[in-house]
Amino acid sequence: QVQLVESGGGLVQAGGSLRLSCAVSGRTLSSYALAWFRQAPQKARDFVAAISWSGGMTHYADSVKGRFTISRDNAENTLFLQMNTLKPEDTAVYYCAATLRAGISNSEAIYDYWGQGTQVTVSS
């Protein structure tokens, strides 16, 4: 059974930074393409960023491009999301997700495993 556990969320002022981590257990991380999604209150879950199994391909939502960076450390079985220049509209629960399918995608339908989420709150 694959388990994903997010950490690193918290309260930060607008313009600040946070680094989210997602620890993956149960199977070798390098088998998976990985992604971050987020869900604000009363809104649907949205794609944030995705990374291929090797780390050679990344894809970002337009709303975070240039501010967020997704990366992975397969040796440590960990996924990261570095978030800079945070805005109040980035406030949401952030989820990591994993899939064994080839390639990367912004569709949550292809991701088979999900973490429980970590809250990020950006104050103005």
Side-chain angles (χ1 to χ4, degrees):
Q1 183 70 18
V2 175
Q3 291 188 322
L4 293 83
V5 179
E6 301 94 338
S7 62
L11 174 65
V12 63
Q13 287 189 329
S17 298
L18 280 176
R19 190 191 197 204
L20 303 184
S21 298
C22 174
V24 181
S25 61
R27 194 159 175 170
T28 304
L29 184 66
S30 59
S31 303
Y32 296 96
L34 301 167
W36 290 97
F37 288 78
R38 65 186 181 186
Q39 188 168 21
Q42 279 115 45
K43 292 191 176 180
R45 189 155 57 186
D46 288 332
F47 170 77
V48 175
I51 188 167
S52 61
W53 69 269
S54 67
M57 288 172 49
T58 58
H59 179 52
Y60 296 91
D62 287 343
S63 59
V64 306
K65 206 171 290 184
R67 300 188 297 123
F68 291 11
T69 303
I70 189 171
S71 61
R72 61 192 295 163
D73 184 337
N74 288 346
E76 295 296 325
N77 274 9
T78 307
L79 172 70
F80 302 101
L81 184 68
Q82 178 67 43
M83 305 187 294
N84 298 329
T85 320
L86 283 160
K87 304 175 181 179
E89 51 263 46
D90 295 318
T91 295
V93 177
Y94 283 71
Y95 298 90
C96 62
T99 179
L100 284 170
R101 301 186 194 195
I104 57 176
S105 173
N106 60 2
S107 171
E108 62 177 280
I110 76 151
Y111 293 92
D112 305 301
Y113 305 100
W114 293 83
Q116 84 291 345
T118 186
Q119 176 71 46
V120 171
T121 304
V122 185
S123 63
S124 56

Leu86 vs Phe68 side-chain heavy atoms within contact, under 4.5 Å: yes
Lys/Arg-Asp/Glu bridge criterion (N-O < 4.0 Å) met for Asp62, Lys65: yes
Over all atoms of both residues, closest heavy-atom pair of Ala49 and Tyr60: CB-CD2, 3.6 Å
Cluster overlap Phe37 with Val93, hydrophobic side-chain contacts below 4.5 Å: yes
Side-chain (Thr118) to main-chain (Gly9) donor-acceptor, under 3.5 angstrom: yes
Glu89, CD atom: more than 12 neighbouring heavy atoms under 6.0 Å: yes
Mutual orientation of the aromatic rings belonging to Tyr32 and Tyr113 [parallel < 30°, tilted 30-60°, perpendicular > 60°]: perpendicular
Heavy-atom donor-acceptor pair, Gln116 side chain to Val5 backbone, under 3.5 Å: no
Plane angle bin for Phe47 and His59 - parallel if under 30°, tilted between 30 and 60°, otherwise perpendicular: parallel
Met83 side chain reached by Val120 side chain, heavy atoms, under 4.5 Å: yes
Sub-4.5 Å side-chain heavy-atom contact between Tyr95 and Val48: no
Any pair counted as salt bridge (charged side-chain N to carboxylate O under 4.0 Å, His left out), so long as it reaches residues 94-120, sequence neighbours left out: Arg45-Glu108
Side chain Glu6, main chain Leu20, donor-acceptor under 3.5 Å: no
Donor-acceptor contact present, side-chain Thr99 to main-chain Ala33, <3.5 Å: no
Residue pair Asp73 / Thr78, side-chain donor-acceptor N/O under 3.5 Å: no
Non-hydrogen side-chain atoms of Tyr94 and Leu81 separated by less than 4.5 Å: yes
Side chain to side chain contact (heavy atoms under 4.5 Å, CB included), paired with Gln13, selected from Pro88, Ser124, Ser123: Ser123
Minimal non-hydrogen separation, Tyr111 against Ser105, with atom names: OH-O, 2.6 Å
Within one Ile-Leu-Val-Met-Phe-Trp-Tyr cluster: Val12 and Trp36, side-chain cutoff 4.5 Å: yes
Row check, Phe80 ring normal vs Arg72 NZ/CZ: under 6.0 Å, within 45°: no
Pairwise side-chain contact, Asp90 with Arg38, heavy-atom cut-off 4.5 Å (strictly under): yes
Donor-acceptor contact below 3.5 Å, side chain Ser17 vs main chain Asn84: no
For the student: nearest non-hydrogen atoms of Leu79 and Ser71, plus distance: CD1-O, 3.2 Å
Ile104 side chain reached by Ile51 side chain, heavy atoms, under 4.5 Å: no
